[in-house]
Amino acid sequence: MTSDRPSPSFAPPMSSEQRKAFPFSEFEPKWQDVWEARKAFRTPNPGDADFDATKPKFFVLDMFPYPSGAGLHVGHPEGYTATDIIGRFKKMSGFNVLHPMGWDAFGLPAEQYAIKTGQHPRATTEKNIEGFRGQLKRLGFAYDWDREVNTTDPGYFKWTQWIFLKLYNSYVNDEGKARPIAELEDALSDNPKMIDQWRSNGTLMAYHDCYKNSTSGVRDDTRAQIISEARLAFVSSAPVNWCPELGTVLANEEVVDGKSEVGGFPVERRPMRQWMLRITSFAQRLIDELDGLDWPESIKLHQRNWIGRSEGAEVKFKVAGVDETIAVFTTRPDTLFGATYMVLAPEHRLVDVLVTEEQATAVEEYREKAGRKSDMERTELAKDKSGVFTGAYAINPVNNEQIPIWTADYVLMGYGTGAIMAVPAHDERDWEFAIKFDLPIKHVVAQPKPSAPCLWDPRPQGPKAGRWVFADDTKSEIIGYSDPNVCYIGEGIARKSGFLDGLPTLEAKRKIAAWLEEKGLGKGTINFKLRDWLFSRQRYWGEPFPIVWEDGNHRSIPESELPLLPPTLEDFKPTGTPEPPLSKATDWVRYSATATRELNTMPQWAGSCWYYLRYCDAQNSERFVGEEAEKYWMGGGKPGGVDLYVGGTEHAVLHLLYARFWHKVLFDLGYVSTPEPFQRLVNQGLIMGEDGQKMSKSRGNVVNPDDVVQEYGADSLRLYEMFMGPLEQVKPWSMKGVEGVYRFLARVWRLVMEVDEEGVWSVSAKLQDVPANKQVTKALHETIKKCGEDIEKLSFNTAISQMMICTKTFTAEEVMPASAIVTFLKVLSPFAPHIADDLNAHIATKFPALAVDGLLSDATWPKYDPAALIEDEVEVVFQVNGKLRDKARVPIQATKDEIEKIALASARVQEFMEGKTPKKIIVVPGKLVNIVV
RNA sequence: GCCGGAGUGGCGGAAUUGGUAGACGCGCCAGACUUAGGAUCUGGUUGGGAAACUAGUGCAGGUUCGAGUCCUGUCUCCGGCACCA
């Protein structure tokens, strides 16, 4: 170690072998092998022989990775180390800990890589998983590898398909709960067999009566339609982003400026038949049931915003001269008197019906242009409104005024009714549109008058400025302020609104809603931004749907035919048409003489919607998860089953929302015991490159964990990732920082080990079987206390700092008390498990009675002794007028009076008191004295 | 534009209920052991000042014996969403 070093300059990197401050490259793989051989982290399930039912459970979960060919990056081990520390700590603290890992391995990247390299995605996926698993094992994570899941494994996706069948065979009843579709089928039959089960359900009874009374000629079709439309998994043909080049539909997020994010290929909008999941039926519950979860408020808010609940009213407008009505949704029914025109989305059914001959060409042209635009393009051009007059007029139900009906793409078909009443005076979008096309603007809400007396006058100055206004021209009481040149979107007082005049917005909304309902012209309604979930993809590398088609109708295949394997295709390239690649498997496609298989596959989200459940009982071939295992690991009396879920914010909405949705369906159907999957959620922050930029290949600032392990060892990597700063924070990487924790571990190593001239390590002569002195004992017990508390708080950086302080105290000693060191190693072991187990084993060779027998992960987390923390004396600070002037050590039991006396006696204090008499003296025992003069 | 988060040394970051600002680490400086140091150990390290002292937690106020922490206003940075009627 000290001799034959290579020359200091231009030393080749490989010489690092001789520079190692402790032999981590030897003992790290050794202990990883020991843990694996002993199945040290196998977690027994209820029913297993070695299961201890008296222990509480702790389910700690990582967001499982997509095994890419690039391998792990340093962002992965951040969250994984955090959960590993928690898991190991909980295990030592007497919990049954479930801490598993798996692979989210279906998906487009694997498929495209396969196409590029000509390999089968199954082969590349297997290879990538091998790589990832090896990397994770080299970091020493305490996973129970017997519970590993892989979404592309038939034993796994059998149950993904099974859950799809549950969705397919369920509907939502009038209580908003998922129920078997059999109930609905039963109600729509002549001789119901389960009537006792649904007799109390008003909707089903009504369906039943309706069915019985309908004429037999049409009722079979109606029945089939009702059932088909009620399913949670259903078929729709809405326009989607179709990318011919990639040969698949793309999500809106995958389309940028009308081109595909990957490759920059053109994307067109076209209606296609596809599978949807009825997540919208759960919108309200997905909002409400966030309340019971320990998630960051920002994520909850994000989900609420995404679901986008808004309360308002639906209003029906008659069309002048035609027997049609147009329903609109508005959150401001109180502004109905200010509606001066109406807009239909270009895709709206009535556009064609209403358009007049003169406008037909212009409207047709506009519709076609709008249809070609992607959602993204529509949004891009948000500032520049476009639209065409249809030539038709609607009648405003409150005043029978005729208002023009336009079509414009700023109204989206997918939200509300796809039609709006435009109130330009009180809606910015309508305002812009009205200005551009010179449509009338009618102000019907006055900005409220400030409550007197008030110096504030909101009126802008100038000749065109607004003025104080009356409710209408016949009244004389000023109700507020209105500026005809300004669009006012806030709440206020209704004016020029007939029977609403003078009412504040909230009351006006209530009154108009009641009025509309009474006249049968509308009603209060709640709308959600959330859309149903587009669930089908034209891809090869995904779960096939357990569905067949016959005579244009779909039906499920029996559960006994699961798993439905994808065909082994040599050529799985896109077809170049919307026909999915599975269409190439002509034999596979033919289900029977008359029926063919569904050709779409499920999106990548499907497998990740329920993997946490599979972990509870990963080997079960009878059920997606065993009942007893599910009850134990997902139970615990809280709404969410997983005790701690750690992952990145990129999944704040989609994955977490989809998984919650599936979980609720399974809950309603009685397959799981909690309404929510994840009780506590923590988002780890992004790790940036050393330059403070996001890590990326193009910037050349990517840090490879393998290199770090090679150079400093897994323990150093783990420790550094936790020492960088708070888990949830964005923080830059620093190789120098890794060296810092590496040096710390080397110091720990040398507490126990010493090296001879040949560079051979042996247990240090300083290590002895002696009791720890008072100072060491105090440092040790402070460390036990702080680390335990900090791990619970996920404050790993401060826990590590405390261990560094403790090590310094040890280092200063002439003699190392072996049993104290062993206790310290227990505290260190969740963070740096390899070095901890290795040093414990070394200590065992010399002091078998003092070391832990076996693995530290099986040891019990030490208890700290509060008595050891107490000192005889504490330092008390003396302030004069709030400024620090002196300090003194005072006995811990000193009374307030005694401390005060000591303070007043201080020469420095007296100097700053300048002989004045104290006005006030504040004494905080054990802390400070502040003398005010 | 809207929503959310954050502003503390040269850097990453610490600071119970308001009670010694800058723990711990990096970097830097000095010393020790050394033929050598990019190893190890010891000490120092917010700015100004020789020192006593003084200023100091984005900025401006306020409450308090005492404010990084509480209140009001304001600026900057980061992240997300963005025609949802």
Side-chain angles (χ1 to χ4, degrees), chain A residues 1-2 5 7-9 11 18-21 296-299 301-302 304-306 308-310 312 328-332 335 343 375 378-383 385 408-412 414-423 426-430 432-433 489 527-531 649-650 652-653 685-686 692 719-720 723-726 728-741 743-744 746-747 750 789 795 797-805 808 811-812 875-884 886-887 911 918-922 924 926-933:
Chain A
M1 194 69 188
T2 49
R5 279 189 38 76
S7 98
S9 52
Q18 286 134 307
R19 260 196 323 221
K20 273 168 191 153
E297 274 312 311
S298 60
I299 300 287
L301 197 74
H302 203 160
R304 287 196 191 99
N305 290 344
W306 186 266
R309 180 186 200 271
S310 59
V328 303
F329 174 71
T330 176
T331 52
R332 291 297 299 272
T335 62
V343 186
D375 272 1
R378 282 196 182 188
T379 316
E380 285 290 310
L381 305 168
K383 277 147 215 129
K385 296 261 180 307
D409 66 5
Y410 83 92
V411 173
L412 307 174
Y415 184 76
T417 60
I420 61 156
M421 64 178 209
V423 185
H426 304 294
D427 182 286
E428 272 176 348
R429 298 150 300 183
D430 297 344
E432 275 175 37
F433 193 81
I489 58 166
N527 245 304
F528 295 93
K529 271 202 283 192
L530 185 69
R531 314 284 170 81
T649 18
E650 65 272 21
V653 177
L686 211 62
L719 214 53
Y720 174 65
F723 188 61
M724 291 171 84
E728 285 151 281
Q729 202 164 297
V730 179
K731 42 209 178 280
W733 186 267
S734 156
M735 242 1 153
K736 289 286 185 189
V738 183
E739 284 179 35
V741 294
R743 276 199 282 268
F744 160 65
R747 272 199 294 275
R750 290 193 307 266
E789 289 167 356
S795 292
N797 53 336
T798 51
I800 294 166
S801 136
Q802 178 61 38
M803 289 189 284
M804 288 171 167
I805 294 169
K808 245 183 195 168
T811 310
E875 191 177 65
V876 173
V877 173
F878 301 150
Q879 297 178 333
V880 178
N881 287 337
K883 289 211 159 89
L884 174 67
D886 201 5
K887 19 182 139 171
E911 186 188 321
K919 259 192 243 167
K920 194 172 177 185
I921 301 178
I922 292 118
V924 183
K927 290 263 181 191
L928 62 76
V929 179
N930 188 12
I931 298 159
V932 187
V933 295

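Here the structure is a predicted model, which is why all the values come from computation and not from measurement. In the text below, chain A, chain B and the rest are named by the order of the sequence lines, each starting its count at 1.
For A:T330, counting side-chain heavy atoms from C-beta on, the closest listed nucleotide (B:C83, B:A85, B:G12) is B:A85. For A:R743, the side-chain atoms get nearest to B:G27 when compared with the rest of B:G27, B:G25, B:C83. Closest to the side chain of A:F329, from the set B:C65, B:A85, B:U40, is B:A85.
Contact annotation: A:R750 reaches the phosphate of B:C41 (side-chain N/O to OP1 or OP2, under 4.0 Å). Between A:S310 and the phosphate of B:A85, there is a side-chain N or O to OP1/OP2 separation shorter than 4.0 Å. Distances shorter than 4.0 Å separate some side-chain N or O of A:K808 from OP1 or OP2 on B:G25. For B:C65, one of the phosphate oxygens OP1 or OP2 lies less than 4.0 angstrom from a side-chain nitrogen or oxygen of A:K920.
Smallest separation of non-hydrogen atoms from A:V328 and A:I420: CG1-C, 3.6 Å.
Base-pair partner of B:G10: B:C26 (Watson-Crick or G-U wobble, both distances under 3.5 Å). Base pairing annotation: B:U34 forms no Watson-Crick or G-U wobble pair, as no partner gives both donor-acceptor distances under 3.5 Å. Nucleotide B:G4: paired with B:C78 (Watson-Crick or G-U wobble, both distances less than 3.5 Å). Applying the Watson-Crick and G-U wobble criteria (two distances, each under 3.5 Å), B:U63 pairs with nothing in any strand.
Nucleotides B:G4 and B:U72 have their P atoms positioned 15 Å apart, rounded to a whole Å. Rounded to a whole angstrom, the distance from the P atom of B:G13 to that of B:G18 is 26 Å. A gap of 15 Å separates the C1' atoms of B:U57 and B:A23, to the nearest Å.
A perpendicular orientation is assigned to the rings of A:F329 and A:Y415, their planes being inclined by more than 60° (bins at 30° and 60°).
Distance check, rounded to the nearest 0.5 Å: CG of A:N527 to OG1 of A:T417 gives 8.0 Å.
Between the base of B:U20 and the side chain of A:E875 there is a donor-acceptor pair shorter than 3.5 Å. For B:C11, its base never sits under 3.5 Å from the side chain of A:K736 at any donor and acceptor pair.
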